[in-house]
2 protein chains.
Amino acid sequence: MARTDAIHESEIPTKSRGVQELSEIEQQILDYMVQYLRANTFQPSIRDIGERFEIKSTKTVSEYLQALEAKGYLERHPSRSRGVKILGVDLGGDAVSVPCFSSIAVATSGDASPESLLSLDPQFGSREGSFLVRAKAGELGVLGVSEGDLVLISPIELGELEDGAVIVIGSSDAASFFRFLRSGSSFSFEDLKPGGRTTVSEQPASTGLVGRVAGFYRKMDEVGSLNLTPH
Amino acid sequence: MARTDAIHESEIPTKSRGVQELSEIEQQILDYMVQYLRANTFQPSIRDIGERFEIKSTKTVSEYLQALEAKGYLERHPSRSRGVKILGVDLGGDAVSVPCFSSIAVATSGDASPESLLSLDPQFGSREGSFLVRAKAGELGVLGVSEGDLVLISPIELGELEDGAVIVIGSSDAASFFRFLRSGSSFSFEDLKPGGRTTVSEQPASTGLVGRVAGFYRKMDEVGSLNLTPH
DNA sequence: CTACTGTATATATATACAGTAG
DNA sequence: CTACTGTATATATATACAGTAG
């Protein structure tokens with residue numbers, strides 16, 4: 001029941017202000033398809049859609065689906081029954097569930113429960129095992145990250161790391177940000193703390209690579225969180 | 001892919017107390033069906049299942065489904081294609097689906113299809129009707145936004161706007177960013193383009209408020225996208 | 001009995017064709 | 001032109017039938 005509202009309020013983007021217009025009925029059909037899918041675990045047939053909207057010809061419904069496909073909301077396949085691929089719908093399967101911690105120390109300590117749990121589209125760079133930490137003042141200033149920003153850290157293998165990537169190295173009692181520098185077969189790690197120095201290492205086995213900074217998000221809900229001074 | 005583990009760990013309850021135990025293959029088939037549904041938004045056909053498990057006769061697969069139905073995990077309907085009702089599965093539905101456009105001009109033009117559709121947790125500030133645009137160089141530099149960042153724009157009413165909020169004002173042919181300034185009962189809009197000026201307005205009816213900048217995300221997958229110069 | 005193969009068949013379903021109305 | 005109706009048709013698909021192997 002809880003979720004019913006959200007579905008009725010059209011979870012598929014209305015593209016608010018004239019953005020990529022769906023007609024009223026196109027939007028309703030798309031919403032119906034998602035609602036039906038969620039409720040039944042299978043899709044409505046074109047006939048089901050027609051019945052719902054009192055459209056008597058399957059051709060007409062098919063044309064609406066064609067319009068939705070042209071506008072990028074669907075992908076169809078000739079003759080696949082109840083088999084439209086609805087794009088941009090989260091069925092709970094591919095979004096990664098990402099815990100959010102108040103600091104990187106807390107996140108890596110191993111025994112803290114997350115501040116919250118968000119679902120993050122993998123397109124943002126999240127993987128299985130990713131987590132978010134709230135940035136402290138100055139912690140990642142060189143990357144344009146401000147205090148309070150949510151920094152996404154995704155697990156990675158040393159072999160996957162590109163030169164220049166920002167990584168987290170830590171143990172259970174301390175963790176911090178480094179820039180990874182690759183020169184030939186040896187690596188070095190530049191401490192990103194103000195005044196931090198470069199450490200050279202060839203044996204990365206025990207360095208405790210937690211992950212790599214995959215991105216960050218700054219939420220601008222309170223004006224106070226805006227950075228009003230140009231820099 | 002992301003939650004594949006979770007699925008393989010079998011999200012479908014085994015009905016705890018010896019009640020109707022599933023055989024190994026029955027469990028695998030059920031998991032596959034859910035996994036497939038999540039990935040594609042439509043169900044696998046009996047033939048799809050057969051292919052996956054190298055079972056060559058549709059009859060055999062059908063018998064497994066019959067067994068799953070008898071044990072209370074499914075409800076079937078004669079001859080409904082890709083239309084098994086899978087019981088006890090949560091198909092999600094709380095994340096907001098957000099279209100992503102290459103620029104704010106494209107987003108507000110009304111006839112562009114989105115670059116992609118991402119699902120965004122409402123905790124990031126997304127609402128029904130929100131969308132993402134890729135920032136152009138300098139466009140929102142004062143906020144710390146760099147070229148290529150994904151800027152989240154969420155619909156908002158004028159009455160909800162706080163003093164200092166960054167908003168998008170536009171028509172179908174042009175749109176840009178402004179800072180909203182409230183002084184008593186009158187508003188002013190400071191153009192955020194370099195060298196932009198402040199416009200005072202008391203009649204907001206026709207201003208074309210598209211939405212408010214609710215946040216931005218910077219993905220750091222390529223080193224080139226990192227802002228290496230401190231500012 | 002279970003666990004299949006392999007073929008045949010009924011049908012649900014998407015699509016195509018031929019129109020009509022405004 | 002859009003927004004349909006109504007019929008016909010190809011086909012994807014679920015099911016049934018007839019077996020085989022262990």
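Naming: A, B, ... by sequence-line order, numbering from 1 per chain.
Between Asp149(B) and Lys219(B) there is no salt bridge, since no side-chain nitrogen of the basic residue lies less than 4.0 Å from a carboxylate oxygen of the acidic one. A salt bridge links Glu63(A) and Lys59(A); the closest N-O separation between the charged side-chain nitrogens and carboxylate oxygens is under 4.0 Å. Taking the charged nitrogens against the carboxylate oxygens, Arg212(A) and Glu160(A) have no contact shorter than 4.0 Å, which rules out a salt bridge. Between Glu115(B) and Arg134(B) there is a salt bridge, since a side-chain N of the basic residue sits under 4.0 Å from a carboxylate O of the acidic one.
The backbone N or O of Ile25(B) lies less than 3.5 Å from no partner atom in the side chain of Gln28(B), so there is not a single donor-acceptor pair. At least one donor-acceptor pair under 3.5 Å links the side chain of Asp121(B) to the backbone N or O of Gln123(B). Between the side chain of Arg127(B) and the main chain of Pro122(B), no donor-acceptor pair closer than 3.5 Å is present. Between the side chain of Thr41(B) and the backbone N or O of Val84(A), at least one donor-acceptor pair lies under 3.5 Å.
Taking the ring centroids of Phe216(A) and Tyr217(B), they lie at or beyond the 6.0 Å cut-off.
Within the 4.0 angstrom heavy-atom criterion, base atoms lie near Arg47(B).
Taking every heavy atom of residues 55-62 of chain B and every atom of DNA chain C, pairs under 4.0 Å involve Ile55(B), Lys56(B), Ser57(B), Lys59(B), Thr60(B), by number.
Nucleotides of DNA chain D lying under 4.0 Å from heavy atoms of chain B occupy a range whose first and last members, 5' to 3', are dT13(D) to dC17(D).
The cationic atom of Arg52(B) (NZ for Lys, CZ for Arg) lies less than 6.0 Å from the six-membered ring centre of Tyr32(B) and within 45° of the ring axis.
Both Pro44(A) and Glu63(B) lie close to DNA chain C; mapped to their nearest nucleotides by heavy-atom distance, the more 5′-ward contact belongs to Glu63(B). When each of Glu54(A) and Pro78(A) is assigned the nucleotide of DNA chain D bearing its nearest heavy atom, the one mapping closer to the 5' terminus is Glu54(A).
With a cut-off of 3.5 Å on both pairing distances, the Watson-Crick and G-U wobble pairs of DNA chain C assemble into stems of 3 or more at C:1-22 with D:1-22.
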